[in-house]
Structure formats: C-alpha cells, structure tokens
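Working notes, beginning with the structure itself.
Nothing here was measured: the structure is a model prediction, and the numbers come from that model.
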Amino acid sequence: MASWHETAIKTIYATPELTAAEAGGGDARVGAPTRISELDGWRAMSILCVIAGHWLPLGPHAWGLNTATAATGMALFFSLSGFLIARVLMTREQVPVFLIRRLFRIMPLAWAATLILVVVNGVSPITALANFAFFANLPPDHLMPGGHHLWSLCVEVQFYLAVAVIVAVAGPRGLWLAPLGAIAVTIARIDAAQPMSIVTWHRVDEILAGATLALLIYWTDAPRWIARLPRWTPLILAALLLLSGMETLVPLAYARPYLAAMTIGVSIFAAPGWLRALLCSTPARYIASISFAVYVIHGMLGDTWLGTGDTLEKYAKRPILAAVTWLLAHLSTFRFENPMIDLGKRVSHRFQRSEGSTRP
C-alpha cells in the first residue's frame, strides 16, 4: 500500500482533463488544482496564531512571544495566499475571471468593515478613499482606529492586481518572476533595516515566497525530494518560523517568508501522522472556512469596549470577545460572504460565456 506522502505526490502531479473554460488557454503543466487538505489546517493555524498573539498573554513580556506568534500567523496566511493564487493562475490564464472571483471574495466584507469604520471614526475623505481603494498601508498610512490590522488586505489586493498584470502580459510563465521578486523585496528589507513592516514593498516577500512554493511543487520535481525528508522536518521549520518573529532575533526575521513557505510545503509531503491528522481535521477545516471573517472582525471588536480596559478587566472580557467574534464570523461567512462568492462565480461564468461567444 502506498504511503500517504506517495499518494500526495500522485495527487499533486495528477493532470485531469480540463474543459476549455477551466483551462482558459493556459500552457501550464498541471490541470485543475486539486484540493490539498493540509492547507486548511495551516489556514486555521494562521488565524489562531494571530488571535493568540493579539488576545492572550504568551509568556514573559520580555520574550516577545505575542509579537512572534502574530507574525507567524501572518506569514503563514500570506504564504498560503501566494501559493493558492499561483495555483489558480497556473491553470487558468483568464485574468479577468481570476480578478472577479478574488474581488468578490475579499471586497464585500472588507468594504462593509471599512464603511463601518469610516462612519464611526468620522475620517477625512482621503483616509476613506485610501481604505476603500486598499492603499492605506502605504506611507503616510491612513489606517483607522479599529482597522489597523486591515493593512494586510491592502498588501493582498495590491498583489492580486500586480500578478494579474504580469500573467495578462506574460502568461502563466510570468509567475517565475515571483522568486526574483521575493529575493528583491527581502534585500530591500535588509537594506532598509525593516525586519517587520506593513508597507507592501517591505512585506510582500511573504506572499511571493508562497507563490514560489507553488512553482516548485507544480513545475519541478521538488515534491519527490521533499518526501525524502525526515517526518519531523516541518516541526523544526515551524519552530524556526516562530523564532523569526522575535524582535531579539532580527537576522532570522529576514528568513521568515521562506520559513513559512517551507513549513507549509514540507508538511504536504513529509510530516508526522498526528500533524497531518490535525491539519486535515474537521475542526481545522471549519476554522479555516471562517478565518477571513474572524481576522477582519477580531480587530474591529478589539478596539471596542469588549477589548479595552485595564489588564484585569481586559482579560476578564476575553471570553465574551472571543464568543462574539466567532458568532459574527460564522454568520458573516455563511450568510454574507459565501453568497457573494457564489455571485462572483456566476458573474465570472457569464464573462466566460460572453468571451466564448465573441471568439471567431
């Protein structure tokens, strides 16, 4: 009987026949992206790390574990995003379809949250525009109280637009610019002494590292080499990733994008059975499904009465804050976001049909 990592390799390299609409004219080696269950687990892990870093007292303050844990969560989140976006664009060259679906995934909740924050804070028109147009993280930043964490959505959307232009011009093979871009951004971070930044050109290497991982897995023989690594390798990488977020270990911070990508990539093909079971579990899948809403809502509520007060009061209210955040995230995901995602799919399908009818 084949081991699970051998099965994973066969699944990764599987090339199911595509319809013309699915292929989108792409010349990539792979077919339709297959689901990798471990990615749900890492998405769940990413949001749990962010929440823990923002809400819980993690060790002595001098150790900086809160910052390190939150940074680990964001690095995992960004790497996953880069990986998944690259997967889609490798097999579907229709850039408008990609943009329609991604924007319907991100914008409804992001814009709803932004509208609430704009009204509550009574900000200036330029601040409102910067947040609605996803450039509020660029200097001088225009992030709002209750919305400082939304800088990450700015980085995400800016990446979507940039990679869409690249693939529109150069096709899927243009994604090979990702590793070059990641290295260039990391060098720029080192030169500017920016171990951790919210500015796109000093943070997007975390997304580009994830995109590079997708290239290595789908367009090279890397999976077969990765599968030969010891099963405990992702645990060592995860520990190094956590250390890379500590302010006292600045040199390691510049490796954070690559440690996050390697942790995710190695776990797909070489991991202890218990870790794989955890990553592929039903609870992990559920947490992953509501993770985006949890992220957006947790920062907003954290700036309200539920998240403020002196130390004792603040932590006494944490269970209520967590319960309200989870409830709102569940409702947002299944009653608001998922219908908008479905709408985006319908719009993209209509676009595909209209494009097909106009071709000679």
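The structure places CZ of Phe83 at 10.0 Å from CG of Leu215, a figure rounded to the nearest 0.5 Å. Taken from CG in Asn131 to NE2 in His142, the straight-line distance is 9.0 Å, to the nearest 0.5 Å. Taking CG of Leu328 as the start and CD1 of Ile290 as the end, the distance is 10.5 Å to the nearest 0.5 Å. Taken from CZ in Arg102 to CE in Met107, the straight-line distance is 11.5 Å, to the nearest 0.5 Å. Rounding to the nearest 0.5 Å places CG of Leu243 at 6.0 Å from CG of Leu249. Separation of atoms OG1 (Thr186) and OH (Tyr254) is listed at 10.0 Å; rounding is to 0.5 Å.
Closest non-hydrogen pair, Ala211 versus Ala178, comes out as CB-CB, 3.9 Å. Listed here is the closest heavy atom pair of Ala164 and Leu99: CB-CD2, 3.8 Å. Counting all heavy atoms, side chain and backbone alike, Pro57 lies closest to Tyr315 at CD-CE2, 3.5 Å. Minimum heavy-atom separation, Ala270 to Arg231: CB-NH1, 3.3 Å. Nearest heavy atoms, Leu275 versus Pro234: CD2-CG, 4.2 Å. Closest approach of Ser79 and Ala260 over heavy atoms only: OG-CB, 3.4 Å.
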Note to self: Using the rule given for side-chain contact (heavy atoms from CB on, under 4.5 Å), can you reason through Phe292 versus Leu153, listing the C-alpha separation, both sets of side-chain angles and the distance that settles it, and then say yes or no?
What the structure shows: CA-CA 10 Å; Phe292 178 62; Leu153 302 189; 3.5 Å; yes

Item checked: Verdict with reasoning, Leu161 to Val165, per side-chain contact (heavy atoms from CB on, under 4.5 Å) -> CA-CA 6 Å; Leu161 297 177; Val165 170; 5.7 Å; no

Checklist line | CA sep, side-chain torsions, deciding dist, call: Leu279, Ser267, side-chain contact (heavy atoms from CB on, under 4.5 Å) | finding: CA-CA 9 Å; Leu279 294 174; Ser267 72; 4.3 Å; yes

Next item on the list: Verify side-chain contact (heavy atoms from CB on, under 4.5 Å) between Ile198 and His148, making sure each step is shown before the conclusion.
Entry: CA-CA 10 Å; Ile198 67 170; His148 285 96; over 6 Å; no

Checklist line | Test side chain to side chain donor-acceptor pair (under 3.5 Å) applied to Thr212 and Tyr258, step by step | finding: CA-CA 9 Å; Thr212 301; Tyr258 313 101; over 6 Å; no

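Hydrophobic clustering keeps Tyr160 apart from Ile341 (ILVMFWY residues linked when any side-chain heavy atoms are closer than 4.5 Å, directly or through intermediates). Taken together through direct or relayed side-chain contacts under 4.5 Å among Ile, Leu, Val, Met, Phe, Trp and Tyr, Leu208 and Val169 form parts of separate hydrophobic clusters. Put simply, Leu89 and Leu177 are part of two different groups of oily side chains (I, L, V, M, F, W, Y) that touch within less than 4.5 Å, one to the next. No path of Ile, Leu, Val, Met, Phe, Trp and Tyr side chains, each step under 4.5 Å between heavy atoms, connects Leu180 with Trp176, placing them in separate hydrophobic clusters. In the hydrophobic cluster analysis, where Ile, Leu, Val, Met, Phe, Trp and Tyr join through side-chain heavy atoms closer than 4.5 angstrom, Phe269 is grouped together with Leu84.
Side-chain atoms of Ser46 and Tyr295 form no donor-acceptor pair, as typed in the model, at a separation below 3.5 Å. Between the side chains of Thr127 and Ser124, at least one donor-acceptor pair of N or O atoms lies under 3.5 Å. No donor-acceptor contact under 3.5 angstrom links the side chains of Ser197 and Arg203, judged on distance only.
With sequence neighbours excluded, the residues satisfying side chain to side chain donor-acceptor pair (under 3.5 Å) with Gln158 are Asn137, Thr200.
Between the side chain of Lys314 and the backbone N or O of Leu306, no donor-acceptor pair lies under 3.5 Å. The backbone N or O of Leu58 lies less than 3.5 Å from a partner atom in the side chain of Asn66, making a donor-acceptor pair. Formation of a donor-acceptor pair under 3.5 Å by the Lys345 side chain with backbone atoms of Arg101 is not found in this model. Counting only distance, with no hydrogens or angles, the side chain of Trp201 and the backbone of Val185 share no donor-acceptor pair below 3.5 Å. Arg189 places a side-chain N or O within 3.5 Å of a backbone atom of Pro195 that can act as its donor or acceptor partner. Without hydrogens or angle criteria, Asn121 side chain to Leu117 main chain gives a donor-acceptor distance under 3.5 Å. For Thr233 (side chain) and Pro230 (main-chain N/O), a donor-acceptor pair under 3.5 Å exists by modelled atom type. With Thr304 contributing its side chain and Leu301 its backbone, the two residues share a donor-acceptor pair below 3.5 Å. Within the 3.5 Å criterion, the main-chain N or O of Ala288 finds a donor-acceptor partner in the side chain of Ser291. Between the side chain of Arg256 and the main chain of Ser244, a donor-acceptor pair closer than 3.5 Å is present.
Val204 has its side chain out of reach of Phe78: every pair of non-hydrogen atoms, C-beta onward, lies at least 4.5 Å apart. Side chains of Val324 and Leu327 form no contact here, defined as non-hydrogen atoms less than 4.5 Å apart. In this structure the side chain of Pro139 reaches within 4.5 angstrom of the side chain of Val199, judged on heavy atoms. For the pair Ile85/Phe159, a side-chain contact is recorded, criterion being any heavy-atom separation below 4.5 Å from C-beta on. Annotation: side chain of Met300 is in contact with side chain of Ile116 (closest heavy-atom distance under 4.5 Å). With a 4.5 Å cut-off on side-chain heavy atoms, Leu175 and Ile166 do not count as touching. Taking the side chain as every heavy atom from C-beta outward, Trp151 and Phe134 never approach each other to under 4.5 Å.
For Asp221 and Arg224, the salt-bridge test passes: some basic side-chain N is under 4.0 Å from an acidic carboxylate O.
Ring centroids of His149 and His54 are separated by 6.0 Å or more, keeping the two rings apart.
Evaluated for a side chain to side chain contact (heavy atoms under 4.5 Å, CB included) with Arg43, the options Leu80, Ile264, Ile287 yield exactly one hit, Leu80.
The side chain to side chain donor-acceptor pair (under 3.5 Å) pairs that include a residue from residues 319-334 are Tyr286-His330, Ser332-Glu337, where partners are two or more places apart or lie in different chains.
Remark: Arg228 qualifies as a cation-pi partner of Trp225 under the 6.0 Å distance and 45° angle criteria applied to the six-membered ring.
Residue-environment remark: CG (Leu312) stays at or below the threshold of 12 foreign heavy atoms within 6.0 Å.
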